[in-house]
Structures are given as C-alpha cells and as structure tokens.
Amino acid sequence: MTETFRHSGEYPQQQSSAPVHHGGTQGAYAHGAYPPPPVFAPEAPQGPGAAAPARRRRAKGPVALIAAVALAAAAVGGGTAYAVQTLTGRDGGTSATSTDVVPTSKKGTVSGVAEAVGPSIVEVGATTAQGKSTGSGVITKSDGEIVTNNHVIAGATSVKVRTNDGKTYDAEVVGTDSKKDLALLQLKGASGLKPATLGDSDNVRVGDEVVAIGSPEGLTGTVTSGIISALDRDVTVATGEGQEQPQSPEGGWPFEFDGRQFNGDTGSSKTTYKALQTDASLNPGNSGGALIDMNGNIIGINSAMYSPSSSQGGSESASSGSVGLGFAIPIDAVKDDLGKLRSGSKT
C-alpha cells in the first residue's frame with residue numbers, strides 16, 4: 001500500500017430554508033402573489049344586459065413559474081423548498097457534496113486546491129511492535145476527527161498526528177473497518193481544525209482532473225496531480241486480522257490487483273473493494289490521504305500504489321517510486337461507513 005514503514009521505529013448538512021407556504025394569504029403575500037381565489041366561483045349576473053363576469057387575474061412572470069414548479073415538486077416528493085431555491089438562487093444551507101471549496105479566482109487550479117484543502121490533511125504516525133509507519137489522514141471534524149486507512153494504524157500501540165501547521169497530537173483509535181480498509185481517529189485536545197468537504201464519488205468520470213495530498217516518505221503536505229484513469233478497479237488488500245503489521249520493510253501494505261501481489265504477501269485474511277484509479281503520483285506515506293476534485297471536494301481516500309519493484313515478476317524496473325497507477329477508496333463508501341466507525345465498532 002502507500003504508507004512508509006521504517007524498522008527504527010451526514011454529512012452533508014441538511015439544507016435549510018425559510019418555510020414555503022402552500023396556502024393561506026400570508027404565504028401568498030410574502031411572495032408577492034395575489035390572494036387565493038374563493039372556493040366557489042361567484043354566480044354570473046342573470047338577465048339581459050348583465051355585464052360579463054370579469055376574468056380572474058393570473059400571476060405572471062417568475063412568481064407564477066416558481067409556484068408551478070414548486071407545486072409539481074411537492075406532488076412528486078415534497079421538494080417545494082428545493083424548487084424555490086433552485087429557481088431563485090436562494091440557498092438556505094450548504095451541501096457537502098456540491099460545495100466549491102476553492103475560491104472562484106483560483107477555481108480549477110492545482111494551487112487553488114492545495115491552498116484550500118491542504119490544512120485539512122494530516123500526517124499519521126503509528127508505533128508498532130515492529131517499528132514505526134507513516135501515513136496520512138483527512139480531518140472530518142474541527143475537534144480532530146480523522147479518517148485514514150486501517151492498514152496505517154493496524155497493530156499500533158500508539159498513534160500521533162501532525163497537522164498542516166506543524167502541531168502534533170496524540171490520537172485515539174475510535175473505530176476500524178478492516179473489510180473496507182478504513183479507520184477513524186480522534187485527536188486529544190484539538191479544536192478549531194479545518195474539516196475537509198466530502199464530495200460525491202458517484203459523479204466522478206474517467207478523465208476528471210484530481211489532486212492528491214499526503215505525506216509520502218514523511219514529507220507532510222506533498223501535492224501531486226493527475227486524472228481519474230479508471231473506475232471500479234477490484235483491489236484486494238490484507239485486513240491485518242491474525243497478522244502483525246504485515247508490511248514490507250521497503251514500505252507499503254500488501255495488496256493484489258489483476259491476480260498479482262504487490263508489497264508482499266496479502267495472507268489469508270483479505271478483502272476486495274472497488275477503487276478509483278488515478279495517475280496522480282502516490283508513494284509510500286500517501287495511504288489515508290486525500291484524492292480531491294478541482295472544486296476542493298474529497299472524492300477518495302488514497303490506499304494503494306503500483307510499484308514495479310514490488311511485483312513478483314523479477315524482470316521489471318527496480319524503481320520503487322510511483323509509475324502512475326494509484327488506487328483510492330471512493331468517498332461514498334467512506335461516508336456510508338462513518339456512522340459505524342463513530343459508534344466505536346472495531347472489525
């Protein structure tokens with residue numbers, strides 16, 4: 001996998017909006033519409049020479065359009081408030097899946113993403129019976145809740161986290177899910193940290209530009225960029241169950257892809273997940289770090305990298321660096337697991 005090893009060592013917030021009235025004069029006048037018509041139409045005048053009944057005035061322009069769309073939305077799913085917000089541009093809340101984290105002036109730039117999201121990425125150091133390993137993590141709450149890979153902290157007797165500003169905190173392992181290779185940490189005594197915005201990996205497409213931030217080889221806050229090169233890659237990883245931190249001394253966590261093993265033997269206890277593939281450079285220490293879209297939303301947790309020297313072929317390059325084949329756990333899978341991890345489940 002992509003953490004360094006050295007022997008020496010919901011959410012989306014629910015959108016809120018002003019209540020939308022579906023009837024009554026107060027709600028109608030609040031939006032500049034005319035009072036509602038009477039329940040029964042008035043009787044037409046009788047007899048010769050009687051004046052024809054006046055036509056009821058109808059609202060025109062955007063007010064009528066909004067009302068019509070709002071009522072249609074309510075009929076199919078109670079989405080009146082959403083319809084009004086969409087048409088008027090008024091949004092009463094912030095969605096974690098559609099937030100533009102990067103300022104408009106820097107939108108679409110790697111430097112803009114790095115500046116906006118960098119403070120939300122941390123370095124994770126774990127001490128085990130075998131030594132020390134280094135990975136990365138993503139801040140999900142301002143009080144120091146951190147998402148990382150399970151393999152980064154598996155078998156750890158102590159965990160320390162260094163934030164973007166250089167401060168170091170002791171961390172407690174709150175929950176783990178070895179089947180998804182995820183873990184949740186809580187920093188001790190932390191406050192005022194900048195949480196990342198969790199995006200929507202279902203909307204990711206091949207060719208989308210992405211940025212990766214992590215701590216390869218302990219180099220905190222390293223930024224690389226690339227594209228999404230494939231979707232739904234079957235990546236098999238060791239769960240760590242019944243194993244004692246089965247990392248290779250050169251760094252990395254054992255995983256399998258396309259029937260081949262990398263970074264050592266995955267053992268008998270393993271799990272497979274559908275990964276995002278990226279050519280953004282990942283190296284040992286990037287595990288648990290962020291894969292980010294160009295709006296600054298986290299779309300994946302980096303978890304594995306292909307390295308020719310870790311292949312069991314013997315005839316490939318001796319280089320141990322990134323060759324542009326990295327894999328990340330889709331953020332939707334992470335969001336689905338957060339409730340379980342926060343409850344203290346350790347599997």
Side-chain angles (χ1 to χ4, degrees), residues 1-3 10-12 95-99 101 113 117 120-121 124 135-140 145-152 175-185 195-214 224-239 253 255-258 262 270-282 286-306 322 324-342 345 347:
M1 304 298 280
T2 58
E3 81 287 359
E10 213 143 277
Y11 296 85
S95 170
T97 61
S98 61
T99 300
V101 181
V113 173
V117 186
S120 302
I121 312 303
V124 179
S136 305
V138 176
I139 300 172
T140 49
E145 182 184 84
I146 308 292
V147 167
T148 186
N149 285 142
N150 178 64
H151 73 257
V152 170
T176 59
D177 187 345
S178 61
K179 298 298 183 183
K180 289 188 176 181
D181 195 17
L182 294 172
L184 194 69
L185 310 178
T197 300
L198 306 186
D200 184 351
S201 51
D202 275 349
N203 290 332
V204 174
R205 297 292 180 265
V206 173
D208 285 352
E209 294 180 276
V210 291
V211 173
I213 304 180
T224 56
S225 65
I227 63 169
I228 295 293
S229 52
L231 302 173
D232 297 327
R233 292 298 200 198
D234 287 328
V235 173
T236 300
V237 297
T239 64
W253 185 264
F255 77 100
E256 298 176 13
F257 175 71
D258 195 27
F262 305 94
K270 48 194 174 184
T271 186
T272 300
Y273 60 85
K274 298 286 187 181
L276 302 175
Q277 180 180 303
T278 178
D279 69 350
S281 180
L282 302 180
N286 272 113
S287 274
L291 191 64
I292 313 158
D293 68 19
M294 300 309 289
N295 290 323
N297 300 300
I298 311 298
I299 58 170
I301 299 297
N302 298 320
S303 57
M305 57 161 279
Y306 168 80
S322 172
L325 285 175
F327 304 96
I329 302 169
I331 201 63
D332 285 358
V334 178
K335 291 190 293 185
D336 289 344
D337 214 32
L338 274 177
K340 176 182 174 182
L341 294 172
R342 285 170 174 161
S345 174
T347 58

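Both backbone and side-chain heavy atoms feed into the values below; hydrogens, waters and symmetry mates do not.
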Close side-chain approach of Ile146 and Val138, heavy atoms under 4.5 Å:
no
Does Val101 reach the side chain of Asn295, with side-chain heavy atoms less than 4.5 Å apart? no
Practice prompt. Using the side chain to side chain contact (heavy atoms under 4.5 Å, CB included) rule, take Leu184 and Leu338 through it: C-alpha gap first, then chi angles, then the decisive distance, then the call.
Written response: CA-CA 8 Å; Leu184 194 69; Leu338 274 177; 4.1 Å; yes
Next on the checklist: Could you tell me if Ser303 and Tyr273 have a donor-acceptor pair between their side chains, going purely by distance under 3.5 Å?
Outcome noted: yes
Distance-only, no hydrogens or angles: does the Asn302 side chain make a donor-acceptor pair with backbone N or O of Ala290 under 3.5 Å? yes
**Q.** Pair Ser281-Thr224, side-chain donor/acceptor within less than 3.5 Å
**A.** no
Apply side chain to side chain contact (heavy atoms under 4.5 Å, CB included) to the pair Leu325 and Asp279, showing each step before the final yes or no.
CA-CA 5 Å; Leu325 285 175; Asp279 69 350; over 6 Å; no
Those residues at least two apart in sequence (or on a different chain) that pass side-chain contact (heavy atoms from CB on, under 4.5 Å) with Asp202 are Asp200, Asp332
Q: Evaluate the side-chain proximity of Asp177 to Asn150: yes if any heavy-atom separation is below 4.5 Å, no if none is.
A: no
The single option from Ile228, Leu198, Asp208 that satisfies side chain to side chain contact (heavy atoms under 4.5 Å, CB included) with Ile299 is Ile228
* Do Gln277 and Leu231 come close enough that some side-chain heavy atom pair is under 4.5 Å? -> no
Can you find a pair of side-chain heavy atoms, one from His151 and one from Ser287, that are under 4.5 Å apart?
yes
